[in-house]
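Below you'll find the structure, written out as C-alpha cells, and then a few comments.
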Amino acid sequence: MLNPVDSHTLIFFVNGRKIVEENADPEELLLPYLRKKLLLTGTKYGCGGGGCGACTVMVSTIHPVSKKILHFSANACLLPICSMHGAAVTTIEGIGSTTTKLHPVQERIAKAHGSQCGFCTPGMVMSVYSLLRNHPEPTMEQIYESLGGNLCRCTGYRPIVDGCRTFCNKTDCCQVKENGMEKISTPDTVDNILTGLFKEEQFLPLDPTQELIFPPELLLMDKEKKEKLIFQGGRMTWISPSSLQELLQLKATYPKAPLVVGNTIVGPEMKFRGIFHPVIISPSRIPELNFVIHKDDGITVGAACSLTVLKEALKEVVTQQPEEKTKLFHALLQQLETLGGPQIRNTASLGGNIISRSPTSDLNPVLAAGNCILTVAAIDGTRQMPLDEAFFAHSLKAEEVLVSVHLPYSKKGDHYSVFRQAQRRENALPIVTAGMKVQFEENTDIIKVIRIFYGGVGPTTVFAKTTCQDLIGKHWDDHMLSEACRLMVHEITLSPSAPGGMVEYRSTLTISFFFKFYLEVLQRLNHMGTHYSDVSALNSFETLCNENVQLYQDVSSRQSVQDPIGRPIMHYSGIKHATGEAVYCDDMPCVDGELFLYFVTSTKAHAKIVSLDFSEALAQPGVVDVVTTEDCPGTCKSMFEEGEVPLLAKDKVLCVGQIICAVLADTPARAKKAAAAVKVVYENLEPVILTIQEAIEHNSFFKPQRKLENGNVEEAFKSADQIQEGEIYIGGQEHFYMETQSIRVLPKGEDKEMDVYVSTQDPTYIQNLIATILNVPSNRITCHVKRVGGAFGGKTTKTGNIAAITAVAANKTRRAVRCVFERGDDMLITGGRHPFLGKYKVGFMNDGHITAVDVAYFSNAGCTPDDSVLVVEIALMNMDSAYRLPNVRCTGTACKTNLPSNTAFRGFGYPQAAFVTETWISEVAIKCRIPPEKVREMNLYKDISQTHFRQEILARTLGMCWNECMEKSSYNSRRLAIENFNKDNYWKKKGLAIIPMKFPIGSLAKFFGQAAALVHIYLDGSVLVTHGGIEMGQGVHTKIMQIASRELGIPLSYIHICETNTSSVPNTQVSGGSLGTDVNGMAVKNACEILMQRLLPIRSKNPKSSWKEWVTEAYMQSVSLSATGFCRSFDRELNWETGEGNPVHYCVYGVACSEVEIDCLTGDHKNLRTDIVIDFGCSINPAVDIGQIEGAFVQGLGLFTIEELKFSPNGVLYTRGPAQYKIPSVRDIPEQFNVSLLSNVPNSCAIYSSKGVGEPALFLGSSIYFAIKDAVLSARRERGMSELFTLNSPATPEKIRMACGDQFTDMIPQNVPGSYVPWAVNV
C-alpha cells in the first residue's frame, strides 16, 4: 500500500454543487455516497449490479481527446466515487422538484400515468433526461433504446413510453393521433367512450436552455497539466495515470491490479463473488486509450473507449464508406444494439469487454471472425496480436495492457454474419452468440477462408477450427452445409452437466446459426435456388406501427366537475415519484447509533447444525452483536395452520437460504463482511427433496390435502366420446418488486414501545408477530407504512419474519436497527410463486363440449407451510377458469420440499390452475379438429351459472367481453392472414390465441372482508384520511381520496393521506386479493357519511356557506369532526367438508387476444399485438385501472414466457438478480397494446359499482403463451410431427426451439436422464 500522504483530493460536482473529498475511499460506490452522505435518496438501490436501472444518474465528462462534453446515463451502483474525479453528476433531485420547478420529463411520465409504485420512476426519468440532453426531439427508436436498461414491475411500460412519446418530432413518430384524451364515435352514443388518459397540450414545453450547465471549474481543471491521481482507502488504493507511460509503469509495479474504466466487470465480481483487489488502476484519462483513428484499411479504437463511443464511431463510418467495406462494422453494430442496457454501454469499455474473455461476450466472436488486431503494450515495448483462438486460450502477460483494437475494412467477397439468442430481447446476456465470416476464391463459390466463433458453448469464445479447416476448398452448397453441421456437432460439444444448462438447445443453436449464415451468403450471392422456401429464416420479425389504445366510459354529463369518481386522475404521489421526493423505508435518514443488520443463511438444503462460531465476526471493527434464537424474549416462531415455524434455525436447516442468525454492525458493509465470517458446521441429513416429483415419491406433503367434487365424474367419463389425459408443469416466479425487503425498528426507550417502519402489505400481522416474539402487548408496537415499492404478495408473511428478527435485534441492543435486503438475498430467502404440476383427465364430446374433468394439482410449497395450503385451495376453487364444467373432481396438494418456502403472489394460485385448464382445452380442440376459440366459446359460463362448488354466479358480461374482444381484435380475419403467412414461411410462424378469464373476488374466510377508516376534518377545512389499505402502486390511496372527495363534496386538493399505521387504524387486513378499494373505500365512505350527517343541520341552515365555514361553525357548536368508519363486506365462505359454499363476492371477467411471431430456428419470439377487453364494472379511476391491467398482463407475460428460476441439484438458487433472472423489459411488451373497459356494466356488489382490479389481468398474459403454442403447432404440423405436445411454462426460447423440431434438432445427441447430474433441476 502507498503512503497515505500520497492521496489526492477528489473533486466532482453533484447537481451543480462542488463535492470535495479529502479521504475518498476507492471501495465506496456512487450510489451509497449519494444516498447516505449527500442524502440524495431519489436515486434508488434496485439490484446493485447495473441490471435494473433504478440507480440511473446522468454523468457529464470532458472527453480526453475530443474535449467535447459528453452527457450519458450510468448506473450509480457500479461507479466508484474515485472514477468521478472531474465529472459532473446529475441526479433526479437536480433536474426539478415540487418546490422549484418540474422538468418536463418528470411531469410527462407522472401525468401520463407512468408511475405506480414509483420506485423505478427516478431511474426512468433520468434515462430519458439523459437522452433529451443529447437529442431534444428524439425518435421512438431512441426512446426505446434509452429505456432498455430500466426495469419496471408495475406499469407494463406502455404509459411510460406514451409519456415519453410526447417529446418526439411528430413526423418521426408512428402515431395516428396526438397523445391525449378524445371521444370516439360508437354505434351506441349512450356509451360515451373516451380514448387516451392524458392531455398532451397541458404539458410544459421542453426548454434545453434551462438545463444545468457543465461546471466551469471542471473546464478549468481539465486544462491544467495532468498528473497521476492516487486515492487511498483503508484497504484499497485507486490510481489514475495521466499518460500511457505512467500506466505501463504502474502495470509493471502492480501486475495483478485490474484496469477499471466502467467497473461493469470488476465491480460485480467484487460485490457478488467476493473478489478483492488491493490496487485498482483506472486508465480512463489516457488519450492514447480513448482515440478513434480512421486509417486506409479500417479504424483503430482505443481500448478505453466506451461501447457507446464505439457504436457512434461505427455509425459514422458506415454512412461515409461503401457497404462493401463496412460489413464487419454492420455486424458489430447489430450486436451493440442489444449488448447490455445503455447505462452499461455508456460506461463499459471495448478493451474490458475483450480482455474479460467472457464466455458470453457479444463482441469477441465477431471481432475474432473479422481478423481484428490488438495492440498490446508493456514497459519493455509494444506488440500486435490477432484476436483469435490463441488470444482466448492464453491471457495477456500480467504486465501488459491492451492499448487499441484495429477493426479492418471488409473486402470484396467478404461475408459477415452475427447471431445471438438470449432469454430476453435486450439487456440480457446471450445464451449463445456467434460471429462468422467466409471469403471465396475470386468469382467462385469455393471457400477460401472461413472463420466461425461461438460464445456460450465453452469457458471462453470458441473457434470451430476443425470445421473451418475441413470446409476450405468446398463449394458453398447443400453438401457443404450437411458436412459443416456434422463436423460442428462433433467439434462443439457440451457436457450434459455444463454450467448454464440447456445443453441440447445450445448445441442446436450452433448449427441453426450456421444454417442462417449459409442462407444469408446464398442470398448475397443470388444463389438461393431451391432454398427460396427457406428465405423466411432470414426475415426479421414483423414490425408494427406502435399504437396503443385505451378505451373507457366517460362520466355522465350530469356529474359535477368537482366529482373525481370515474375520471383518469393521476396517482396521488405521481409527481413525487418522478422527482424522487417520495420517501420509501430506506430513504429515511439514520438516527444516532443506528445499526445495520445482515443475515447469516444456510448453505445446505437439509442438515443438522453442529456448531456456530461467532468469534471472528464479533472481532471485526464496527460489529456490535449477533442475534440468535436465544435472544427472543417470547416465542421465536411464526404460526401457520400446520403449527409453529422457527424464525431462526436452531438445530437444523431445511433449505439453502434459511436464516440462522443475524449480525449487527455500524455500517451495512461491515455487517455483511462480519456475517460472512460466521462459521457454521453442518452435518448433512437425508433425504433432500427439491422437486414436486421427489415429494410425491417420498409422500412429503403439508396437510390438509384438499378436494372438490361435483356431479358424477365416473359416469360422465363413460358417456364421453373421447378422453384426453396428460400433465403440464408451470414454473415458479420471483416477485422482483423493485424495492427490496426494508425494515427500520426504533425502540422508544420506555414501556417497551417500538416504532416499526416497514415495507409491507400487512402491518397488523407484523405488529402481532413482533409483540408475540418480544412478549409485549400489541399496543406497544406501532407499524408505519408510508408506501411500498412493489409487493405482489411478497411482502406479507416473509416481511413479518424479517421484521420480527429486526425487532429482536433492536430490543437486545436498545438501538435503532435497519435491515434492507440486497437483491440476491431477497431472491434467495423470500421465495415466490408456487410451481405447479397438473395431472388431468378430460372427457368430452366430438363437438368439443366438456363433460368430465379429473385433475390433481401439486404445488411446490418449500420447507414451511406459509400460505401454501391456502394457495392450493384457491387453485381448486378457480380450476374451472371461465368454463362451465358439469362433472368435476379435483384434488390439491402442497408438497413439502427443501427449498425456501413459497408464498403469496399476485393471482394466488389462479394463474397456475387456469393454465392447466387452458392446456387441456387446447388439446380437446386438437382432438376434435375444431378451432380452439370455438371450443372455448361453447364451454364458457353463460348468464346465471353454477360453479363446481355449487355457487351461482352471474356471467353475462363474460360473453360480452368475449364478443367484443373477437370484434375489436378482428380475430377471424387475422386468423386467416396468419394461416396464409404460415403457409409461406417455413422458418417463421405466427400464432394467435384468445383466452377468457373469470376471476373471483372474495375470500375463504368471513373476517377477510372487514376494514376500518379514520377521517379527521381540521379547522382550515383540510381533511386527513387514514385507512387500513397499503399503497404499493395499485393506486388505493388515490381512489380513497376520490371517494372522500365525492362523499364530502370537496376538491381532491383538500384531502391528504399520510400513511397507514396500526395506531390510527387497528386490526387491518392484508392488502391483497384485489379487495383494497372495495373494503377500505367502503369504510372511508362510511366515515364520511357519518361526518356529513353531523354537518347536515349546519349545511341545511347555511346552504350557501363554504366548506370551511361549515367546518368552523361545527367546531363552534362542539360537533365532532372526526369519525371512524367500518366495512363488513362478506358473510360467506367455502365448506371444505361438503365441497360447497358461496365464497365468491363477485367475479371480474375479461378476455385477451394475442398475436406472436416465432423464429423456429432459434426459439425467439416477438409479441406483436394484444387486445384486452375486461369488465371492471364502473371504474373509479380508468387510468389506475387500465394501468393495473397492463402491469398485471406484462407480469403474466413474464410468468408464462420469460421468467425462469433455476436451482442446482443441491437446492442452491442460481437466479439471484437481474443478470440471471429476466423480467419483461420495455421491448417485450406487445407492439400494439389495446385495452378496453367494458361499458355500461355496473357491479352492485362493490363501491360505486366498481370491481377489484389488482390481480385478475395477470392470467391474461397466458394468451401470449398460447399464441406461441399455436405458432409451434403450425410448425409441427408442417414437419409432420405430433400435434399433441407438452410445452411446459414458461415458453422460453429453449422450449420453443426444441418443440419446433427439424433436421437440426435431430442431429443433436440426446442425453439420457439419470446418466448425468444436470446443472439445474425443475422444482
Side-chain angles (χ1 to χ4, degrees), residues 583-599 624-639 646-648 659 661-666 668 671 739-788 795-821 1014 1026 1028 1030 1058-1071:
V583 177
Y584 298 83
C585 188
D586 193 38
D587 296 338
M588 302 175 75
C590 292
V591 298
D592 289 345
E594 187 163 326
L595 299 175
F596 298 87
L597 181 146
Y598 199 92
F599 288 118
V624 173
D625 212 335
V626 173
V627 175
T628 70
T629 186
E630 306 298 333
D631 296 311
C632 301
T635 177
C636 195
K637 299 174 181 178
S638 55
M639 299 295 295
L647 298 181
L648 294 167
I659 300 171
C661 61
V663 178
L664 294 162
D666 58 0
E739 177 200 30
T740 59
Q741 299 282 350
S742 305
I743 298 103
R744 290 182 69 234
V745 179
L746 283 75
K748 287 190 172 183
E750 60 178 321
D751 296 328
K752 299 183 179 180
E753 290 181 327
M754 279 187 176
D755 277 325
V756 181
Y757 297 88
V758 56
S759 179
T760 182
Q761 297 169 250
D762 198 348
T764 292
Y765 172 76
I766 291 178
Q767 176 193 35
N768 293 335
L769 182 60
I770 291 175
T772 300
I773 286 168
L774 297 185
N775 198 23
V776 299
S778 292
N779 61 10
R780 311 300 167 86
I781 310 297
T782 303
C783 288
H784 305 258
V785 187
K786 181 75 172 179
R787 59 175 57 83
V788 175
K795 292 182 176 176
T796 51
T797 56
K798 296 302 179 75
T799 308
N801 297 347
I802 299 159
I805 300 168
T806 308
V808 170
N811 180 71
K812 183 179 182 182
T813 60
R814 303 298 182 197
R815 291 164 69 173
V817 177
R818 184 181 305 235
C819 175
V820 178
F821 271 16
L1014 179 63
T1026 308
I1030 298 297
C1058 178
E1059 66 174 8
T1060 303
N1061 72 70
T1062 54
S1063 62
S1064 298
V1065 178
N1067 309 320
T1068 59
Q1069 293 298 313
V1070 60
S1071 287

Is any side-chain heavy atom of I781 closer than 4.5 Å to a side-chain heavy atom of T1062? no

So which atom in A803 and which in V745 form the shortest heavy-atom distance, rounded to 0.1 Å? O-CG2, 4.4 Å

Does P777 have any side chain to side chain contact (heavy atoms under 4.5 Å, CB included) partners at least two apart in sequence or in another chain, and if so, which? N779, R780

S778 meets the side chain to side chain contact (heavy atoms under 4.5 Å, CB included) criterion, sequence neighbours left out, with Q767, N768, A771

Which one of R744, E739, K786 satisfies the side-chain hydrogen bond (donor to acceptor under 3.5 Å, both in side chains) criterion with S759? E739

Within this structure, what is the CG-CD1 distance for the pair N801 and I766, rounded to the nearest 0.5 Å? 9.0 Å

Return the minimal non-hydrogen interatomic distance between A671 and A665, and the atom names on each side. N-CB, 3.5 Å

Under the side-chain hydrogen bond (donor to acceptor under 3.5 Å, both in side chains) test, which residues partner Q1069, sequence neighbours left out? none

Using the side-chain hydrogen bond (donor to acceptor under 3.5 Å, both in side chains) rule, collect all pairs that involve residues 809-819, keeping only residues at least two apart or in two chains. D586-R818, E594-R818, D625-K812, D631-K812, N811-R814

Would you sort out whether V776 and M754 count as a side chain to side chain contact (heavy atoms under 4.5 Å, CB included), showing the intermediate values? CA-CA 10 Å; V776 299; M754 279 187 176; over 6 Å; no

Quick one: side-chain hydrogen bond (donor to acceptor under 3.5 Å, both in side chains) partners of T1068, sequence neighbours excluded? T764

Which heavy atom of G800 sits nearest to which heavy atom of L769, and what is that distance? O-CD2, 3.4 Å

Excluding sequence neighbours, so at least two apart, what forms ring pair (Phe, Tyr, Trp, His ring centres under 6.0 Å) with Y757? H784

How many angstroms lie between CG in L647 and CD1 in I659, if you round to the nearest 0.5 Å? 8.0 Å

Donor-acceptor under 3.5 Å (Q761 side chain, V1070 main chain): no

Step by step, would you call C783 with T760 a side chain to side chain contact (heavy atoms under 4.5 Å, CB included)? CA-CA 10 Å; C783 288; T760 182; over 6 Å; no

Should V1065 and T1060 be marked as a side chain to side chain contact (heavy atoms under 4.5 Å, CB included) after you check the CA-CA gap, both sets of side-chain angles, and the distance that decides it? CA-CA 8 Å; V1065 178; T1060 303; over 6 Å; no

Test of understanding: with salt bridge (Lys or Arg N to Asp or Glu O under 4.0 Å), list the residues that count as partners of E630, not counting sequence neighbours. K650

One should read off an interatomic distance between L664 CG and C819 SG, to the nearest 0.5 angstrom, of 9.5 Å

Filter on salt bridge (charged side-chain N to carboxylate O under 4.0 Å, His left out), then keep only pairs touching residues 751-771, sequence neighbours left out; what's left? K748-D755

Residues two or more places apart in sequence or in another chain: which of them pass side chain to side chain contact (heavy atoms under 4.5 Å, CB included) with A662? L597, F599, V627, I805

May I have the step-by-step check of side-chain hydrogen bond (donor to acceptor under 3.5 Å, both in side chains) for T799 and Q741, ending in yes or no? CA-CA 7 Å; T799 308; Q741 299 282 350; 2.6 Å; yes

Atom of P633, atom of L774 and distance for their closest heavy-atom approach: CB-O, 3.6 Å

Non-hydrogen atoms of I773 and C636 that approach each other most closely: CG1-CA, 4.4 Å

Sequence-distant partners of Y598, side-chain hydrogen bond (donor to acceptor under 3.5 Å, both in side chains), two or more places apart: D825

Taking side chain to side chain contact (heavy atoms under 4.5 Å, CB included) as the definition, give me every residue that meets it alongside V583, ordered by chain and number, with sequence neighbours left out. D587, M588, R787

Can you name the residues that form a side-chain hydrogen bond (donor to acceptor under 3.5 Å, both in side chains) with S1063, not counting sequence neighbours? N1061

Rounded to the nearest 0.5 Å, what's the gap from OG1 on T806 to CZ on F596? Could you check? 12.5 Å

What one should report as the nearest heavy-atom pair of A810 and P747 is O-CG, 3.7 Å

